[in-house]
Amino acid sequence: MSGEDLSTTICMDFFTDATQQARERLMSAGYFLDVSETPEQICIKYFNVAKRRISARPRAILLSREFLCPPAFQTGLE
């Protein structure tokens, strides 16, 4: 084995990988992405959406005494 060249070159493109993940997450969340959007536009859209999404966590809800919920929406309110 002496004299053999065992070197390997590995090329990684993290920006393209991150852009692809952002595209997949946006699409799975129901957002429309035009095929003409650049990777930069996709990343900007992804981070805008991520910044604006409201986290799912328990919240205290205060209801007025005068509040009346229609029966059709009672399950959603609960």
- Query: What do you reckon, is CZ of Phe73 surrounded by more than 12 foreign heavy atoms closer than 6.0 Å?
  - Reply: no
Exercise. More than 12 foreign heavy atoms under 6.0 Å from CG of Leu68: is that the case here?
Worked result: no
Distance (rounded to the nearest 0.5 Å) between [X] [atom1] and [Y] [atom2]:
| X | Y | atom1 | atom2 | result |
| --- | --- | --- | --- | --- |
| Tyr46 | Asn48 | OH | CG | 12.0 Å |
| Met27 | Ile42 | CE | CD1 | 9.5 Å |
| Glu40 | Thr19 | CD | OG1 | 7.5 Å |
| Cys43 | Arg23 | SG | CZ | 10.0 Å |
| Ile61 | Glu78 | CD1 | CD | 11.0 Å |
| Thr38 | Ile44 | OG1 | CD1 | 7.0 Å |

So, [X] side chain and [Y] main chain: donor-acceptor pair closer than 3.5 Å or not?
| X | Y | value |
| --- | --- | --- |
| Ser28 | Arg25 | yes |
| Glu24 | Gln21 | no |
| Arg59 | Arg57 | yes |
| Asp34 | Glu37 | no |

Note: Ala29 and Arg53 closest approach over all heavy atoms is CB-NH1, 4.4 Å
Here the pair of heavy atoms bringing Gln74 nearest to Cys69 is OE1-CB, 3.6 Å
hydrophobic_cluster_shared for Ile10 and Phe14, side chain cutoff 4.5 Å: yes
- Task: Side-chain contact test, heavy atoms from C-beta onward, threshold under 4.5 Å: evaluate it for Cys11 versus Thr9 and give yes or no.
- Result: yes
